[in-house]
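First the structure, in the form of structure tokens, and then the observations on it.
Keep in mind that the numbers below use all heavy atoms, side chains included, and drop hydrogens, waters and symmetry copies.
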Amino acid sequence: MKTFDWEESYDVKVERFNEQHKHLFEIVKDLYIAMENKDDRLALAQIINNLIRYSKEHFTEEELALLNTQYQNYEKHRKQHKLFIEKIEQFAADYNSGQHLLHFDILLFLKNWVLQHILVADKAFGDHLNSKGIF
């Protein structure tokens with residue numbers, strides 16, 4: 001299976017957020033490795049926990065920047081983050097209830113998230129934050 005790598009087209013014009021997004025790509029790489037190593041259930045639990053921790057930290061920082069700069073689509077953006085966290089927490093609940101073959105579902109979700117959220121919603125705030133002195 002082809003890996004999912006960071007590309008310059010994912011640049012949101014804010015270096016801190018780009019670095020955080022790159023960390024998401026590292027988590028996706030870990031997921032690919034876990035998929036190849038089908039017997040490693042603990043790896044999937046760690047990946048899910050990393051996704052929860054990553055998303056809460058990243059979204060808090062991103063939302064604070066958007067709120068402090070009065071970004072016009074702040075509420076819509078925040079709701080998308082909330083839905084992401086809910087979905088990852090559902091994966092955690094599914095895993096904890098004995099569903100250990102979630103790799104592919106998580107991978108599809110993350111790829112769609114990158115394509116729909118980072119490439120559209122996050123890229124939309126880059127110019128706004130730059131205009132407020134955040135690069």
How close do [X] and [Y] get, heavy atom to heavy atom, and via which atoms?
X	Y	value
Val12	Lys123	CG1-N, 3.9 Å
Leu44	His100	CD2-O, 3.5 Å
Lys29	Asp5	CE-OD1, 3.1 Å
Thr69	Leu129	OG1-CD2, 3.5 Å
Ile47	Ala34	CD1-CB, 3.8 Å

- prompt: Angle class for the Tyr71/His77 ring planes (parallel below 30°, perpendicular above 60°, tilted otherwise)?
  reply: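 Tyr71 and His77: perpendicular rings.
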- prompt: According to the interplanar angle, ranging from 0 to 90°, do the rings of Phe17 and Phe125 count as parallel (below 30°), tilted (30 to 60°) or perpendicular (above 60°)?
  reply: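 Because their plane-to-plane angle is over 60°, the rings of Phe17 and Phe125 count as perpendicular.
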message: ring pair (Phe, Tyr, Trp, His ring centres under 6.0 Å) for Phe84 and His117? Distances and angles first, verdict last.
response: CA-CA 10 Å; Phe84 179 94; His117 187 79; 8.0 Å; no
- prompt: With a distance cut-off below 6.0 Å to the six-membered ring centre and an angular limit of 45° from the axis, does Lys111 pair with Phe4 as a cation-pi contact?
  reply: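 Positive - Lys111 is close enough to the ring of Phe4 and near enough to its axis.
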- prompt: Taking His58 as the fixed residue, which of Arg16, Glu19, Gln20 is the one that meets the side chain to side chain donor-acceptor pair (under 3.5 Å) rule?
  reply: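 Only one option passes, and that is Gln20.
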- prompt: So among Gln80, His81, Glu75, which one has a side chain to side chain donor-acceptor pair (under 3.5 Å) with Arg78?
  reply: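 That would be Glu75; it is the only one of Gln80, His81, Glu75 passing the side chain to side chain donor-acceptor pair (under 3.5 Å) with Arg78.
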task: Report yes or no: does Asn130 contribute a side-chain atom to a donor-acceptor pair with the main-chain N or O of Ile134 at less than 3.5 Å?
output: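 Yes, the answer is positive, given that a donor and an acceptor are paired below the 3.5 Å cut-off.
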Could you state whether [X] and [Y] fall into the same hydrophobic cluster, counting links through intermediate Ile, Leu, Val, Met, Phe, Trp or Tyr residues with side-chain heavy atoms under 4.5 angstrom apart?
X	Y	value
Leu110	Leu108	yes
Phe104	Leu101	no
Leu83	Tyr74	no
Ile27	Ile33	no

Less than 3.5 Å apart, which donor and acceptor atoms pair up between the side chains of residues 86-93 and the rest of the protein, not counting sequence neighbours?
unit_1	atom_1	unit_2	atom_2	d
Glu86	OE2	Lys82	NZ	2.6
Glu89	OE2	Lys56	NZ	3.3
Gln90	NE2	Asp94	OD1	2.7

Within-4.5 Å side-chain heavy-atom neighbours: [X] and [Y]:
X	Y	answer
Glu62	His21	yes
Val14	Phe135	no
Val28	Ile106	no
Trp6	Leu24	no
Val114	Phe25	yes

- request: Name all residues meeting the salt bridge (Lys or Arg N to Asp or Glu O under 4.0 Å) criterion together with Glu57; count only those two or more places apart in sequence or in a different chain, and write none if there are none.
  value: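 Testing Glu57 for salt bridge (Lys or Arg N to Asp or Glu O under 4.0 Å), a comparison that skips the adjacent residues, returns none.
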field: Stepwise side-chain contact (heavy atoms from CB on, under 4.5 Å) test for Lys76 and Lys79
entry: CA-CA 5 Å; Lys76 180 180 177 184; Lys79 285 178 185 174; 5.8 Å; no
- request: Find the distance between CD1 (Ile118) and CG (Asp11) and round it off to the nearest 0.5 Å.
  value: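 Rounded to the nearest 0.5 Å, the CD1-CG separation comes out at 11.5 Å.
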query: Rounded to the nearest 0.5 Å, what separation is found between the CG atom of Asp30 and the CE atom of Met35?
result: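 Output value for this atom pair is 13.0 Å.
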query: Does the pair Ile52 and Ile85 meet the rule for a side-chain contact (heavy atoms from CB on, under 4.5 Å), with working shown?
result: CA-CA 7 Å; Ile52 291 170; Ile85 291 172; 5.8 Å; no
- request: Just jot down the side chain to side chain donor-acceptor pair (under 3.5 Å) partners of Asn49, sequence neighbours excluded, or say none.
  value: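 So Asn49 forms no side chain to side chain donor-acceptor pair (under 3.5 Å) with any residue.
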- request: Please report the C-alpha distance between Gln46 and Leu42 in whole Å, then the side-chain angles of each, then the deciding distance to 0.1 Å, and finally whether the side-chain contact (heavy atoms from CB on, under 4.5 Å) criterion is met.
  value: CA-CA 6 Å; Gln46 291 171 334; Leu42 182 58; 4.1 Å; yes
- request: Please say whether more than 12 non-hydrogen atoms of neighbouring residues, nucleotides or ligands are located less than 6.0 Å from CD in Glu15.
  value: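 Atom CD in Glu15 is packed in, count exceeds 12.
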